[in-house]
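In what follows, a structure is listed as structure tokens, so that the remarks can point back to it.
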Amino acid sequence: MRFRAAVMGAFLLVALAGAEASAQAPPPSAKARQAAVAYANQGWTAYRARRYRDALQAFRRAEATVHAPTFLIMVARSCHKLGRLTEARSVYQVIVDEQLPADASQAFRQAQAEARTELEAVSSRIPTVEITVTGAGSGGAQVALGGLDVPPSTPVARDPGSHTLAVGAPGRRGLTKEIVLKEGMRAKVEVDLEAGKVRIESDRTGRDPGGEPQPLGPGQGAADGSAHEGGGPLGPGQGAADGSAQEGGDAADGRPGPRSSAVVFTGLAATAAGTGLGVAFVFLSNGKASSQQRLLEPACTDPARCPGLDLREYNDLGHAKADLANAAVWSFLAAGAAGLGTAAYVLLTGQPDARDATATGLSVSPMPGGLVISKRW
């Protein structure tokens, strides 16, 4: 983690150097740049831990200290993760509308390009609702959605979730109703105050929030435009500009997905099973050896010259002992191979998904010579 934090700090310093060279305002002081880097590091740590409220607050502080599109795009992505899609769209629009100077850094230009693509993606996810009121009489109707006044017969954008619709008119009994909006929904609400009825239609069912891919973040070719950890600069097909995860890989924010955790825990299970079988075969082999030894008379050391010895039974026990010993060796070898393969996978891809670790109470950490498995109670 200290290594990743150092890498992150270096990337942010590069981005801030671009701010000093490109911004038309006076360049920020060294103290301001250091403070912005510290806030951004806090934000990135919180973002990776899926603490998006803390990430949003930290990235806003970084942006307030030193303006940089690389900070603003993480503000927008944090809003997106919190389901505040309308706010995310507004921030993306600010980034897209900014007139960058001719000598703006590559990091700023890439942040603006990604914001343009992500703006289109988030805009398509924002639900809209159009409220039509009849039976209001000559006084007209007052319509509020989620505590905010909205104009009747006009589509308005709202974040996904539950919203309280309140409609009233002079001389009429008011109506309230909870309306649940899903991502991408285009809803029409018809309110008949005279009859006291509410009718809701939508041209699509929408989709529940929370299933969007992880956007690329600083240190992985997104906001700061620099190389991702452990590799070169991102090119076409290596992290789309809309921030989606690479197809068939782990989440692009650096945290392995559920499939990675399944691989790790399958490897651990195989290691444990191989070790258990090896121990069982050792005990069985020792049992055959004991049975074979009991067939010999105390004074007899050569089975071929022992009178009354059932040589065939003696040899059968010897063969069974050897077979079980070989099975034990192969079981231990298989367990070792599974353990080494799992350790290599963890070292190359990172730790298992935090969601799986939370659900199971298990955590896996690589160390020289093996893995450390811990469980919280």
Q. Closest approach of Gly267 and Thr342, non-hydrogen atoms and distance?
A. CA-OG1, 3.2 Å

Q: Just jot down the side-chain hydrogen bond (donor to acceptor under 3.5 Å, both in side chains) partners of Arg60, sequence neighbours excluded, or say none.
A: Glu87

(Q) Which residue in the set Val167, Thr176, Val189, Leu193 passes side chain to side chain contact (heavy atoms under 4.5 Å, CB included) when paired with Val198? (A) Val189

Q. Within a strict 4.5 Å, meaning less than it, do heavy atoms of the Leu165 and Val191 side chains meet?
A. yes

Q) Do Val180 and Leu175 sit in the same hydrophobic cluster, where Ile, Leu, Val, Met, Phe, Trp and Tyr count as joined when their side-chain heavy atoms come under 4.5 Å apart? A) no

Q.
Testing the basics here: between Thr154 and Glu130, what is the closest heavy-atom pair and its distance to 0.1 Å?
A. N-CG, 3.8 Å

Q: Not counting sequence neighbours, which residues clear side-chain hydrogen bond (donor to acceptor under 3.5 Å, both in side chains) with Glu194? List them please.
A: none

Q.
Restricting to non-hydrogen atoms, name the atom on Phe71 and the atom on Ala36 that form the minimum distance, rounded to 0.1 Å.
A. CE1-CB, 3.9 Å

Q. Residues two or more places apart in sequence or in another chain: which of them pass side-chain contact (heavy atoms from CB on, under 4.5 Å) with Ala30?
A. Arg33

Q | Counterpart residues, salt bridge (Lys or Arg N to Asp or Glu O under 4.0 Å), relative to Glu201 (two or more places apart) | A | Arg199

Q: Taking the side chain as every heavy atom from C-beta outward, state whether Ile200 and Lys177 have any pair of such atoms under 4.5 Å apart.
A: yes

Q) Do the side chain of Asp192 and the main chain of Gly135 share a donor and acceptor less than 3.5 angstrom apart? A) no

Q. With sequence neighbours left out, which residue pairs that include part of residues 272-286 fulfil the side chain to side chain donor-acceptor pair (under 3.5 Å) condition?
A. none

Got a list of side-chain donor-acceptor pairs under 3.5 Å for residues 319-340, not counting sequence neighbours?
unit_1, atom_1, unit_2, atom_2, d
Asn326, ND2, Ala322, O, 3.3
Ser331, OG, Ala327, O, 2.9

(Q) Minimum heavy-atom separation for Gly140 and Pro170, please, with both atom names. (A) O-CD, 3.4 Å

(Q) Using 0.5 Å steps for rounding, measure from the CD atom of Glu114 to the CD1 atom of Ile95. (A) 10.0 Å

Q) Taking only residues two or more places apart in sequence or in another chain, which ones pass side-chain hydrogen bond (donor to acceptor under 3.5 Å, both in side chains) with Arg172? A) none

**Q.** Non-hydrogen side-chain atoms of Leu119 and Gln93 separated by less than 4.5 Å
**A.** yes

(Q) Restricting to side-chain contact (heavy atoms from CB on, under 4.5 Å), what partner residues turn up for Ala58, sequence neighbours left out? (A) Gln42

(Q) Using 0.5 Å steps for rounding, measure from the OH atom of Tyr39 to the CD atom of Glu63. (A) 13.5 Å

Q. Which heavy-atom pair separates Ala32 from Val66 by the least distance, and what is that distance?
A. O-CG2, 3.7 Å

**Q.** Shortest non-hydrogen separation from His67 to Leu72 and the atoms involved
**A.** CE1-CD1, 3.9 Å

(Q) Any non-hydrogen side-chain atom of His80 less than 4.5 Å from a side-chain atom of Glu118? (A) no

Q) Do Lys188 and Ser153 come close enough that some side-chain heavy atom pair is under 4.5 Å? A) no

(Q) Please check: side-chain N/O of Ser124 versus main-chain N/O of Ala121, any donor-acceptor pairing under 3.5 Å? (A) yes

Q. side-chain contact (heavy atoms from CB on, under 4.5 Å) with Val150: which residues, sequence neighbours excluded?
A. Ile131, Val143, Leu145, Val156, Arg158

(Q) Test of understanding: with side-chain hydrogen bond (donor to acceptor under 3.5 Å, both in side chains), list the residues that count as partners of Asp54, not counting sequence neighbours. (A) Arg51

Q. Arg77 versus Phe59: any side-chain heavy-atom pair under 4.5 Å?
A. no

Q: Can you sort out the partners of Leu100 under side-chain contact (heavy atoms from CB on, under 4.5 Å), two or more places apart, ordered by chain and number?
A: Pro69, Glu98, Ala104, Phe108, Arg109, Gln112

